[in-house]
**Q** 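Following this message is one structure expressed as structure tokens.
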Amino acid sequence: MSDSFDENDLVEWLKDKAPELSCALAARIALRITPILRDALGEDAAARRTSIVLPGFRALAAANFAGTWPSRFGDVRRAARCASRSMRTAMGETYNEGQMNLIDGREAVPEEFVYIRNLAADAEALGVASSAVDAVAHALQVPIHHADGSKGTTGPDAIGDSVRAAVDAAHFAVDGANGYSEFRSGLLEDGKSVQEVPAHISHFWKAVERDVLQIEEKRRESVSPEKAVQELSGMALWLGGIPTWASDRWADFADDLPSDEIWSVWIDWYEARLAGRLDDPTLEAERLTIPEVDWKQGPAHVNSIIAKSMTATKERPKPGDPELTKGKTYQVALSFAGEQRDYVEDVAQHLAARSVGVFYDGFQQTWLWGRDGVEAFHEVFAETSNFVVMFVSAGTAYAPCSGMINML
């Protein structure tokens, strides 16, 4: 690895690797820029939720499916292509409309009125969102090229080209979400251009490099590519925590998606990806292969179908699952002091990856927002969990939220 890992290192490293690894890395690159889709909302939020955000989430789910269960991508390939095409078309039309609105506004009113500044801000936000959409679309092209390559209908370089395009678009989107500070940081000193690497870009590339190092470790252990990508999908997306630009945008994005359209099915889905929790592949395939006629009816309609599918799946016992007492939501809840969070999060991720119904507060931030902490944790520990596992340490008695041992 180089001291400053970048797209050239990534594409070079992938050259002699199984295509499944390209699918997994491209999917995780796209998932990291998901909060930037919020920039597409603008003034016409309702229409853009239907035309851009919904197919955007569908495309992300398809990329994640291909990156986690590559051998099953054929189950959802048609849905992936439809989502990608719909999302890119709508984003292109919306971006062009935003640019034209700005041009028309400036011609009509040359002075810098507030609404002209708003048009300019919307146009710039749409440019950032457009880069994010491109990253998702190119990430989806990776498994599509992989499938086509097995039939001899695409060249061997197509996967590498799509990975490079996905990571380049994601890099630009991340910089755009941070005011294009990298793009604008070229300073002229003694006739030489000096380019600094901002923290947000460094954080993004360190996360990508961590994925590569994880795969390298599994390769040395002779783990198969299929198993390696599932283990990679069971890891949190960001190294050392979610960066501020992403966490702030995601919190605002979740707030901007109205509850009456049942966006919780996507909010919870994405937060599971952030934490590195694996879902049931059958449920994910059901989500993606809902008929096109339903997707075209908008978020409220299709999200209600997803919610019903999720409920039916939860009620369906899985072979080998521990018996869940009637009326309970979780098989196990984790109680711990704040100083133990890193260790307990690893435990929670391993349990979730093995389809154990686990309550860990880091997985339930949306549910916990705005709730009284004492009441919420009492409900989980005393009423809705089969078992409570207590991680006892010197700081347990003083844990502010999760270590609720004194209540039990």
**Q** Considering only residues two or more places apart or on different chains, which pairs with a residue in residues 51-72 satisfy salt bridge (Lys or Arg N to Asp or Glu O under 4.0 Å)?
**A**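 Those involving residues 51-72 are Arg58-Glu292, Arg72-Asp75.
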**Q** Whether Asp16 and Arg219 form a salt bridge (side-chain N of Lys/Arg under 4.0 Å from carboxylate O of Asp/Glu) is what I want to check.
**A**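 Asp16 and Arg219: not salt-bridged.
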**Q** Side chains of Phe336 and Val389: closer than 4.5 Å at any heavy-atom pair?
**A**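 The answer is no; the side chains never approach within 4.5 Å.
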**Q** CH2/Trp250 to CD1/Ile36 distance, rounded to the nearest 0.5 angstrom?
**A**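 Between Trp250 CH2 and Ile36 CD1, I get 12.5 Å after rounding to 0.5 Å.
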**Q** Would Glu217 and Arg220 count as a salt bridge (Lys or Arg N to Asp or Glu O under 4.0 Å) here? Give the steps.
**A** CA-CA 5 Å; Glu217 181 181 338; Arg220 288 192 295 270; 5.3 Å; no
**Q** To the nearest 0.5 Å, how far apart are NE2 in His138 and CD1 in Ile29?
**A**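 Atom-to-atom, His138:NE2 and Ile29:CD1 are 12.5 Å apart.
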**Q** Any idea which heavy atoms bring Cys23 and His146 closest together, and the distance?
**A**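 So the minimum-distance heavy-atom pair works out to SG-CD2, 4.2 Å.
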**Q** With distance as the sole test, does Asp6 use its side chain to make a donor-acceptor pair with the main-chain N or O of Asp9 at under 3.5 Å?
**A**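 Present.
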**Q** Give the minimum heavy-atom separation between Val136 and Ala59, together with the two atoms involved.
**A**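 Looks like CG1-CB, 3.7 Å.
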**Q** Determine the minimum heavy-atom distance between Ala40 and Arg48, stating which atoms define it.
**A**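 Answer, listing the atom of Ala40 first, then Arg48: O-CD, 2.6 Å.
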**Q** Output yes when a side-chain donor or acceptor of Ser247 lies under 3.5 Å from a complementary backbone atom of Thr244, and no otherwise.
**A**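 Yes.
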**Q** Taking atom CD1 of Ile306 and atom CD of Glu286, what is their separation to the nearest 0.5 Å?
**A**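 One finds 11.0 Å between CD1 of Ile306 and CD of Glu286.
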**Q** Using atom types as modelled and distance alone, determine if a side-chain donor or acceptor of Gln340 lies under 3.5 Å from a backbone N or O of Ala337.
**A**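 Yes: the side chain of Gln340 pairs with the backbone of Ala337.
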**Q** Do any N or O atoms from the side chain of Arg28 and from the backbone of Leu232 form a donor-acceptor pair under 3.5 angstrom?
**A**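 It does hold such a pair.
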**Q** Is the count of non-hydrogen atoms from other residues, nucleotides or ligands lying under 6.0 Å from Phe73 atom CZ greater than 12?
**A**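 Check passes, neighbour count above 12.
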**Q** Count the heavy atoms of every other residue, nucleotide or ligand shown that sit under 6.0 Å from CG of Asp342, and state whether that count exceeds 12.
**A**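 No.
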**Q** Are the side chain of Ser162 and the backbone N or O of Ile159 linked by a donor-acceptor pair below 3.5 Å?
**A**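 Between the backbone of Ile159 and the side chain of Ser162 there is no qualifying donor-acceptor contact (under 3.5 Å).
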**Q** Run the numbers on Tyr330 and Phe387 for ring-ring contact (aromatic ring centres under 6.0 Å, His included), then give the verdict.
**A** CA-CA 8 Å; Tyr330 304 101; Phe387 303 101; over 10 Å; no
**Q** Give every residue pair that meets the salt bridge (Lys or Arg N to Asp or Glu O under 4.0 Å) criterion with at least one member in residues 293-302, sequence neighbours excluded.
**A**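 For residues 293-302: none.
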**Q** Taking Asp175 for its side chain and His171 for its backbone only, find out whether a donor-acceptor pair lies under 3.5 Å.
**A**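 A pair under 3.5 Å: no.
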**Q** Give the minimum heavy-atom separation between Trp245 and Arg32, together with the two atoms involved.
**A**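 Result for this residue pair: CH2-O, 3.9 Å.
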**Q** Nearest 0.5 Å, please: how far is CD in Glu97 from CG in Leu126?
**A**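 Reported value, rounded in 0.5 Å steps: 9.0 Å.
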**Q** Looking at Leu60, Thr34, Asp279, Leu278, which one forms a side-chain contact (heavy atoms from CB on, under 4.5 Å) with Arg273?
**A**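 For Arg273, the side-chain contact (heavy atoms from CB on, under 4.5 Å) test succeeds with only one of Leu60, Thr34, Asp279, Leu278, which is Asp279.
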**Q** Please find the pair of heavy atoms, one from Ala61 and one from Leu288, that lie closest to each other, and give the distance.
**A**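 Looking at all heavy atoms of both residues, the shortest contact is CB-CD2, 3.6 Å.
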**Q** Backbone N or O of Ala83 within a donor-acceptor pair of the Ser86 side chain at under 3.5 Å?
**A**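 Looks like no, no N/O pair under 3.5 Å.
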**Q** Hydrogens and angles aside, do Glu216 and Trp13 bring a side-chain donor and acceptor to less than 3.5 Å of each other?
**A**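 There is such a pair (donor and acceptor under 3.5 Å, judged by atom type) between the side chains of Glu216 and Trp13.
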**Q** Side-chain contact, heavy-atom cut-off 4.5 Å: His203 with His200?
**A**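 His203 vs His200: side chains apart.
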**Q** Taking all non-hydrogen atoms of both residues into account, name the closest pair between Ala63 and Ala27 and its distance.
**A**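 Heavy atoms only, the tightest pair is O-CB, 3.2 Å.
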**Q** Before accepting this row, confirm whether a basic side-chain N of the pair Arg249/Asp39 lies closer than 4.0 Å to the acidic partner's carboxylate O.
**A**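 Yes, charged N to carboxylate O under 4.0 Å.
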**Q** Does the distance from a Lys or Arg side-chain N to an Asp or Glu carboxylate O, for Arg341 and Asp361, drop under 4.0 Å?
**A**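 Salt bridge: yes.
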**Q** For Trp295 and Ile290, indicate whether the former's side chain and the latter's backbone hold a donor-acceptor pair under 3.5 Å.
**A**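 Answer holds: yes.
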**Q** Taking the inter-plane angle between the rings of Trp266 and Phe57 on a 0 to 90° scale, is it parallel (under 30°), tilted (30 to 60°) or perpendicular (over 60°)?
**A**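 Rings of Trp266 and Phe57: parallel, as their planes differ by under 30°.
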**Q** Could you give the distance from NE2 (His301) to CD1 (Ile262), rounded to the nearest 0.5 Å?
**A**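 Spacing of NE2 (His301) from CD1 (Ile262) equals 10.5 Å.
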**Q** Is Glu209 salt-bridged to Lys206, going by a charged N under 4.0 Å from an acidic O?
**A**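 No, no charged N to carboxylate O under 4.0 Å.
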**Q** For Arg77, is there an ion pair with Asp148 - N to carboxylate O distance below 4.0 angstrom?
**A**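 A salt bridge links Asp148 with Arg77.
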**Q** Would you indicate whether the side-chain heavy atoms of Lys17 and Ser22 approach each other to under 4.5 Å?
**A**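 Contact flag for Ser22/Lys17 side chains = no.
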**Q** Please answer whether the main-chain N or O of Leu25 pairs with a side-chain N or O of Asp211 as donor and acceptor at a distance below 3.5 Å.
**A**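 Not a single qualifying donor-acceptor pair exists.
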**Q** Would a distance-only check, ignoring hydrogens and angles, find a side-chain to backbone donor-acceptor pair under 3.5 Å from Ser233 to Val229?
**A**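 Answer holds: yes.
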**Q** For the residue pair Val133 and Tyr95, establish whether any side-chain heavy-atom pair is separated by less than 4.5 Å.
**A**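 A side-chain contact under 4.5 Å is absent here.
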**Q** If you measure from CG on Leu54 to CD on Glu261, what distance do you get to the nearest 0.5 Å?
**A**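 Leu54 atom CG to Glu261 atom CD measures 9.0 Å (nearest 0.5 Å).
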